[in-house]
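Only heavy atoms go into these numbers, but all of them, side chains included; no hydrogens, no water, no symmetry mates.
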Amino acid sequence: MKVKVLSRNPDDYLRETKHDIHKVQRNFDPALHPFEVAREYTRSMNATKLERVFAKPFLYSLDGHRDGIQCMLKHPNTLSFMFSGACDGEIRMWNLQRQKCLHSVQAHDGIVRGLCMPHSADRLLSVGDDKIIKHWSLDEPALTQPIDAVVTKTVLTGITHHWKKPLYATCGEKVDIWESNRSEPLRSLTWGVDTVKTIKFNPIEVDILGSTCSDRSIILYDIREAHPIRKVVLELCTNAISWNPMEAFVFVAASEDYNLYSFDMRKLNVPLQVHKDHTSAVLDVDYSPTGKEFVSGSYDKSIRIFQLNSGRSRDIYHTKRMQRLTSVLWSLDNKYILTGSDEMNIRVWKAKASEKMGTLSYRERMSINHAEKLKEKFNKFPQIARIAKNRHVPKHIYNATKEHKEINQSKKRKEANRRLHSKPGSVPFVSERVKHIVQEDE
């Protein structure tokens, strides 16, 4: 009699170096695994709880400034370098890896209003309240004496550099386009505005730049044209804008009305999304290098991370000592967030609060990926969604959120009552995206 026996040689699936990882023989027939969904739900619940347990986003702070941080700039080619400008006119160059200030210089008399750098990273440009544009060399020893200084006729409030050409733009009473080796602007662009507050070049459509103005407007310019191209007026002033590095026409605006607005520059009469959650004016915003998320800093002393298509924040960061945020940056490796605030500190945070830093083994990566897939599969279940969204916030933010919720509900009730007791069509319904737009001009 002949008997056939199943035989599996361990050398076929065991590594030569480690013999502790055994191949699991598994039958994928769903009829043989009736409790698979229940087990995956439990694992998803545990993974969500562990994510909140290990959510420790704050890494370290950089001390050294003697006054509040006004602006920051990330190096376009090197991850470990960044620059900061303070309200006392000092500019510092930092090494983030060593957590150390490399160079510092008393650059301006008054507040440093803006910093920028060409993509070649051969120099640093700064503007301040002293009406001077200064060019600084980054060759060692860096930031010692300005290699060039241009005296302007008016106070400048911002500066941004072209992504490809040796051009840069400044804003103040008007928008001026400069060439790096000239002491007079090539041209000036105006649209009946008293003061242009901030300005930013588009990283993809490199000849387009956007600006925010004191008359509550956002103006778009094309440096190839003699005049501005488009303008939209909101209910309140816009403090900053940031262009999406992956979608050429999309930008986000940080407003005084506690909200952020994502726009498509081809259709400014309706924002793509209104991002809510802040309880005070939003002062700065910056996109992640992937273009899927952005970070905002607010007067309410908190940082919020928003997804591109979500109206609510994914996460909120805060500390006891952090005061109002003046500037935020998202690092080019998509792992860190840098914030500058009024109490003279630059803080470094994880972009994902529970992410493990350092090198991961293959088994750790597979385990993390498996947990992420499980959380994505069950993220709509009420108990898991409640744990994932729950955040402990400071008392002043909690009370302000509660107050704003009551105010908005009262407004909606009043509008519904007016619509109910008025002639049909006399009180039209206005969507949340449209009600904040005053007008659009071309």
Side-chain angles (χ1 to χ4, degrees), residues 47-48 51-52 54-59 72-74 76 79 82 96 200 202-204 210 238-255 258-265 271-279 282-298 300-318 322 325-341 346-357 368-369 371-373 375-376 379-380 385 388-391 393 397 433:
T48 305
E51 180 186 19
R52 300 313 312 147
F54 293 114
K56 294 177 174 58
F58 179 72
L59 295 175
M72 297 194 305
L73 175 70
K74 52 191 173 186
L79 292 175
M82 62 90 62
L96 299 177
K200 189 72 69 75
N202 191 324
I204 303 176
T238 302
N239 291 318
I241 66 170
S242 180
W243 293 95
N244 191 319
M246 291 297 170
E247 299 184 29
F249 305 109
V250 177
F251 66 91
V252 62
S255 178
Y258 315 165
N259 299 333
L260 297 106
Y261 301 92
S262 290
F263 284 97
D264 188 320
M265 61 179 285
L272 297 175
Q273 184 64 265
V274 180
H275 309 276
K276 298 185 173 185
D277 265 348
H278 279 296
T279 59
V282 189
L283 300 181
D284 199 12
V285 61
D286 190 33
Y287 258 105
S288 70
T290 61
K292 296 180 179 179
E293 294 180 323
F294 58 85
V295 59
S296 61
S298 171
D300 63 9
K301 310 174 188 177
S302 69
I303 310 149
R304 288 190 182 266
I305 301 173
F306 293 87
Q307 293 179 338
L308 178 61
N309 298 320
S310 175
R312 297 293 178 179
S313 62
R314 168 175 72 80
D315 213 338
I316 176 174
Y317 296 164
H318 55 85
M322 186 167 65
L325 278 299
T326 54
S327 55
V328 293
L329 291 178
W330 200 307
S331 67
L332 292 176
D333 60 351
N334 199 36
K335 286 186 175 292
Y336 305 101
I337 291 171
L338 294 91
T339 62
S341 50
I346 298 171
R347 291 179 171 83
V348 181
W349 314 75
K350 296 179 188 176
K352 189 174 180 182
S354 59
E355 183 180 11
K356 182 181 178 181
M357 296 287 101
I368 291 172
N369 293 339
E372 290 295 327
K373 286 297 181 182
K375 287 186 286 187
E376 182 181 343
N379 62 357
K380 299 299 182 183
K389 293 179 181 179
N390 184 51
R391 297 292 185 276
V393 297
I397 295 180
R433 300 188 183 190

Dump the intermediate steps for side chain to side chain contact (heavy atoms under 4.5 Å, CB included) on M72 and I346, then the final yes or no.
CA-CA 9 Å; M72 297 194 305; I346 298 171; 4.0 Å; yes

Begin with the C-alpha distance, continue with both residues' side-chain angles, and end with the deciding distance and a verdict on side chain to side chain contact (heavy atoms under 4.5 Å, CB included) for I303 and V295.
CA-CA 7 Å; I303 310 149; V295 59; 3.2 Å; yes

Considering all heavy atoms, the nearest [X]-[Y] contact:
{"X": "I397", "Y": "I316", "answer": "CD1-CD1, 4.3 Å"}
{"X": "R391", "Y": "D315", "answer": "NE-OD1, 2.8 Å"}
{"X": "L308", "Y": "S262", "answer": "O-OG, 4.4 Å"}
{"X": "S341", "Y": "R347", "answer": "OG-NH1, 3.4 Å"}
{"X": "I204", "Y": "M246", "answer": "CD1-C, 3.7 Å"}
{"X": "A47", "Y": "A371", "answer": "CB-CB, 3.9 Å"}

Quick one: are [X] and [Y] in side-chain contact, heavy atoms under 4.5 Å?
{"X": "L59", "Y": "K350", "result": "yes"}
{"X": "L329", "Y": "D286", "result": "yes"}
{"X": "L332", "Y": "K74", "result": "yes"}
{"X": "R304", "Y": "L260", "result": "no"}
{"X": "V282", "Y": "H275", "result": "no"}

Measuring from atom [atom1] of [X] to atom [atom2] of [Y], what distance do you get when rounded to the nearest 0.5 angstrom?
{"X": "I241", "Y": "D284", "atom1": "CD1", "atom2": "CG", "result": "11.0 Å"}
{"X": "W330", "Y": "I305", "atom1": "CH2", "atom2": "CD1", "result": "5.0 Å"}
{"X": "T279", "Y": "K301", "atom1": "OG1", "atom2": "NZ", "result": "10.5 Å"}
{"X": "Y336", "Y": "K352", "atom1": "OH", "atom2": "NZ", "result": "14.5 Å"}
{"X": "E355", "Y": "K335", "atom1": "CD", "atom2": "NZ", "result": "4.0 Å"}
{"X": "W243", "Y": "F249", "atom1": "CH2", "atom2": "CZ", "result": "9.5 Å"}

Heavy-atom neighbours of K375 NZ exceed 12 at 6.0 Å
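Above 12, so yes.
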
Verify, without hydrogens or angle tests, whether [X] (side chain) and [Y] (backbone) share a donor-acceptor contact under 3.5 angstrom.
{"X": "S288", "Y": "E293", "result": "yes"}
{"X": "S242", "Y": "Y287", "result": "yes"}
{"X": "R433", "Y": "L272", "result": "yes"}
{"X": "D300", "Y": "H278", "result": "no"}

Passing option when D277 is tested against S298, S302, S313 for side chain to side chain donor-acceptor pair (under 3.5 Å):
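Checked S298, S302, S313 against D277; only one passes side chain to side chain donor-acceptor pair (under 3.5 Å): S313.
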
Listed partners of A385 passing side-chain contact (heavy atoms from CB on, under 4.5 Å), at least two apart:
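Checked A385 against side-chain contact (heavy atoms from CB on, under 4.5 Å); zero matches.
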
Relative to the ring of Y317, is the ring of W349 parallel (under 30°), tilted (30 to 60°) or perpendicular (over 60°)?
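If you compare the ring of W349 with that of Y317, the planes turn out parallel.
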
According to the interplanar angle, ranging from 0 to 90°, do the rings of F306 and F294 count as parallel (below 30°), tilted (30 to 60°) or perpendicular (above 60°)?
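Plane angle under 30°, so parallel.
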
